[in-house]
Every structure is written in C-alpha cells, then in structure tokens.
Amino acid sequence: MKRILTLILLVAISWALQAQQQMMFTQYMFNTQSFNPAYVGTYDKMSVVGLARQQWVGISGAPSSQTVSLNIPIRKQRIGIGLSLSNDALGPVHELGFSGDFSYIVHLNQSLRLSFGIKASFAVYQTDLAKLSAIDLNDPSLAENLRGDFMPNFGGGMYLYGEKFYVGISTPRLVKNTISVENNASTASGVGEQKIHAFITGGYAFKLSNNVMFRPSVLLKYVYAAPLSFDAAANFLFYDRMWLGASYRIGDALSGIIQYGITDDLWLGYSYGYSLSPLMDYNTGTHEVMLSYDINPNKRKFKSPRYF
C-alpha cells in the first residue's frame with residue numbers, strides 16, 4: 001500500500017510540475033484576480049481576498065495552497081492596481097510567489113467596460129527531500145536537499161463586463177522559465193519548465209425574483225501537453241447576503257459552495273470537493289476557505305450591486 005500511495009504521489013507531483021503550475025481554486029469566480037490581471041480595478045471598492053485550499057485530505061504530501069490578494073481601483077484615472085502573495089506546496093515541492101497587476105479600463109458605453117491588464121510576477125521553487133521516504137537510502141540524488149530558482153515572469157489579460165455579465169481571457173505567465181535545482185556540489189540540471197497557461201472565463205447574473213439571483217459561470221484552462229480543464233459552476237444569491245451553489249471540474253471533482261455576508265463588507269466562504277478521479281478511494285475530499293473584505297471607509301453607497 002505504501003508503494004502504491006508513493007507512486008500516486010509521484011505521478012501527481014510530475015503532473016503538477018509539468019502542467020498545473022498555476023494555482024486553481026473551486027471558488028475561482030470570487031478570485032478572478034489570481035489568473036486575470038485585467039480584473040483589478042473593475043470592482044469599485046478596494047478589497048482584500050484570502051483563500052486557503054487543502055486538496056485530497058488523507059494523502060500525505062497532497063497539494064496545499066494559500067493566497068492573499070489586494071485590489072485597488074483608481075476610478076478617476078480608470079486604472080486598477082493589484083498585489084498578490086501565494087504559497088503552494090505539493091509533496092517535497094514548494095513554491096512562493098508574488099505578483100503585481102495593473103489595468104486600464106475603457107468605457108465602451110454607459111454600462112459596458114473593457115479592461116486591459118498586465119501582470120508581473122516572480123516565483124521561488126524549493127525542494128525538501130527530507131519529506132520523502134526513500135526506498136534506496138544510498139541513492140546519491142536523495143542525499144541532500146535541493147534549492148530551486150528565482151524565476152521572474154509576466155502576462156496579460158482582457159476583461160469585458162457590464163452590470164450583469166463578464167467575459168475574460170488571460171495568460172498570467174508568458175515566459176517559459178526552466179525549473180532547475182542545485183545541490184551543494186554546484187551541479188545543476190533542468191527538471192522541468194514553466195508552462196504557458198491560457199484561461200477563458202465568463203458568467204451572467206439572472207434575476208429570478210426580488211430576493212434571488214442566479215449566476216452560472218465557466219472557466220476553461222488550456223496548458224500545452226496537458227488535458228483541457230473545464231469548470232462549470234452555478235451559484236444562487238439570496239437576499240444579497242448568502243451564496244449557495246455547486247461546481248464541477250471535468251473528470252476531477254464535484255463541489256459544493258457556500259458564502260455568507262457577515263457584514264456588507266466582510267464575507268466568509270467555504271467549499272467542499274468530492275473527488276471523481278482514481279484518487280477518490282485514497283482521500284476524503286478537498287476543503288477550501290475564503291475570506292474577503294471590502295475596504296470602504298466612507299461607507300459610500302453604490303447605485304447597483306455587483307455580482308462578480
């Protein structure tokens with residue numbers, strides 16, 4: 001059983017390193033800034049969003065991700081500024097990242113806007129081999145920990161939106177940095193490459209009654225040499241206070257989502273994902289917690305609510 005679980009983990013690590021290097025969350029519809037820089041500034045309030053995800057609970061070394069992002073709109077100049085800090089771990093592999101976003105918003109008409117965004121980022125990869133249980137204790141490649149590289153990157157995106165819909169396309173990382181490691185003997189070798197990720201997302205808010213809104217959304221992700229990833233979600237907003245919904249990631253997971261507005265500015269969200277992949281027999285699911293806060297010191301009222 002240990003060998004089977006080790007094999008599963010190694011396959012997952014290899015898959016993540018080569019294809020799924022961009023962190024993804026079940027509650028992506030509330031965290032668009034993480035993969036599309038054009039989103040910053042489109043939300044009229046300054047806001048802070050924090051997300052923590054523990055995937056495949058029950059499997060040692062399973063993916064664990066955390067991110068905190070800040071969105072700063074500058075309405076008079078029609079620009080937005082964003083900052084993000086992220087931490088991602090999978091088995092012995094650890095990535096610490098930081099990014100800055102900038103957007104410029106064009107008013108196409110009274111209600112339609114088009115935002116153009118750029119993202120500058122860097123990441124540091126590290127590998128802690130002490131977390132591995134070696135079959136061959138004399139294997140020289142596992143004799144000491146390895147240190148990863150400092151890798152700068154940049155990307156861009158576009159975001160078209162109105163009062164009740166949005167469509168976005170983005171590529172957060174355009175530079176294919178080589179992921180290499182170095183040991184104390186100063187020997188280095190490439191172990192992988194940062195892949196270019198392309199995202200297409202969209203959603204629409206339907207008013208079902210005075211107190212109920214329905215918002216379906218989709219997220220399509222393409223990575224070269226990896227299976228196409230597709231997320232579809234359906235969320236209902238009740239009394240402008242509570243979101244309830246579900247999402248499906250093709251061939252991977254089915255999730256439930258709940259968010260509640262503790263105050264008008266403070267929201268707490270949770271999602272649980274049930275695995276549909278071959279790993280379903282080895283884990284008890286995926287947990288994700290989100291906390292968002294709108295910084296609105298003047299308590300300014302808005303003419304119409306935002307649903308994304």
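Nearest heavy-atom pair, K195 versus H197, reported as atom, atom and distance to 0.1 Å: O-ND1, 2.9 Å. When all heavy atoms of S84 and D101 are compared, the closest pair comes out as OG-OD2, 4.3 Å. The two atoms that bring P152 and F150 nearest to each other are CD-O, 3.7 Å, heavy atoms only. Of all heavy-atom pairs between S275 and M280, the closest is O-CB, 3.4 Å. Annotation for G157 and N36: closest pair CA-OD1, 3.7 Å, computed over non-hydrogen atoms.
Using modelled atom types, one side-chain atom of E288 and one backbone atom of T26 make a donor-acceptor pair closer than 3.5 Å. Side-chain atoms of T171 do not come within 3.5 Å of backbone N or O of L174 as any donor-acceptor pair. In this structure, the side chain of S121 does not engage the main chain of F98 through any donor-acceptor pair within 3.5 Å. Checked by atom type and distance alone, the side chain of T263 pairs as donor or acceptor with a backbone atom of D265 at under 3.5 Å. A donor-acceptor pair under 3.5 Å is formed between the side chain of Y248 and the backbone N or O of G251. Remark: side-chain polar atoms of N71 are paired, donor with acceptor, to backbone N or O of G41 under 3.5 angstrom. One N or O on the side chain of S170 and one on the backbone of F35 form a donor-acceptor pair closer than 3.5 Å. Distance alone, capped at 3.5 Å, is enough to place a donor-acceptor pair between the S277 side chain and the L279 backbone.
Cluster membership check: F116 does not share its hydrophobic cluster with V40, using side-chain heavy-atom separations under 4.5 Å among Ile, Leu, Val, Met, Phe, Trp and Tyr. Linking Ile, Leu, Val, Met, Phe, Trp and Tyr whenever their side-chain heavy atoms come within less than 4.5 Å puts I258 and I262 in one cluster. Residue Y222 is grouped with residue L220 when hydrophobic side chains (ILVMFWY) are merged at heavy-atom distances under 4.5 angstrom, including chains of intermediate members.
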For this session: Check the pair Y125, L96 against side chain to side chain contact (heavy atoms under 4.5 Å, CB included), reporting the backbone distance first and the verdict last.
Result: CA-CA 7 Å; Y125 281 82; L96 181 65; over 6 Å; no

Exercise. Checking side chain to side chain contact (heavy atoms under 4.5 Å, CB included) for the pair F199/M24: CA distance, chi angles, key distance, verdict?
Worked result: CA-CA 11 Å; F199 298 90; M24 285 306 303; 3.6 Å; yes

Problem set entry | Check against side chain to side chain contact (heavy atoms under 4.5 Å, CB included), N31 and S69 | CA-CA 9 Å; N31 190 37; S69 58; 3.9 Å; yes

For this session: Please lay out, stage by stage, how Y39 and Y159 fare under the test ring pair (Phe, Tyr, Trp, His ring centres under 6.0 Å).
Result: CA-CA 6 Å; Y39 178 79; Y159 190 80; 5.5 Å; yes

For this session: Give the C-alpha distance, both sets of side-chain angles, the deciding distance and a yes or no for side chain to side chain contact (heavy atoms under 4.5 Å, CB included) between I105 and R75.
Result: CA-CA 9 Å; I105 302 169; R75 301 179 66 205; over 6 Å; no

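I257 is listed as a side-chain neighbour of S247, based on a closest heavy-atom distance under 4.5 Å. In this structure, the side chains of N153 and N177 come closer than 4.5 Å at one or more pairs of heavy atoms. Inter-residue side-chain proximity for M158 and S115 is flagged as unmet; no heavy-atom pair is nearer than 4.5 Å. Side-chain contact between S217 and Y28: present, with at least one pair of heavy atoms (C-beta onward) separated by less than 4.5 Å. Taking the side chain as every heavy atom from C-beta outward, M290 and L268 never approach each other to under 4.5 Å. Between F230 and V218 there is a side-chain heavy-atom pair separated by less than 4.5 Å. Taking 4.5 Å as the limit, every side-chain heavy atom of T42 sits out of range of all side-chain heavy atoms of T32. The shortest side-chain heavy-atom distance between L51 and V289 does not fall under the 4.5 Å cut-off.
In this structure, Y272 has its ring center closer than 6.0 angstrom to the ring center of H287. Ring to ring, F30 and W267 are not that close: their centroids are 6.0 angstrom or more apart. When ring centroids are compared, Y166 and F308 come within the 6.0 Å threshold. Annotation: F206 is in aromatic contact with Y204 [ring centroid separation under 6.0 Å].
Separating the CZ atom in F165 from the OG atom in S111 is a distance of 8.0 Å, to the nearest 0.5 Å. Rounding to the nearest 0.5 Å gives a distance of 9.5 Å between CD of Q66 and OG of S86. Once rounded to the nearest 0.5 Å, the distance linking CG of D88 with OG of S64 reads 8.0 Å. To the nearest 0.5 angstrom, L108 atom CG is 5.5 Å from L114 atom CG. From M213, atom CE reaches atom CG of N235 across 12.0 Å, with rounding to the nearest 0.5 Å. Taking OG from S99 and CZ from F154, the interatomic distance works out to 14.5 Å, rounded to the nearest 0.5 Å.
Counted within 6.0 Å of OH on Y274, heavy atoms from surrounding residues, nucleotides or ligands total 12 or fewer; the atom is thus considered open.
Applying side-chain contact (heavy atoms from CB on, under 4.5 Å) to M46 and the options I74, I295, D294 leaves one that passes, I295.
Checked for salt-bridge contact, D264 and R241 meet the test: a charged N lies under 4.0 Å from a carboxylate O. By the 4.0 Å N-to-carboxylate-O rule, K221 lies too far from D231 to be salt-bridged with it.
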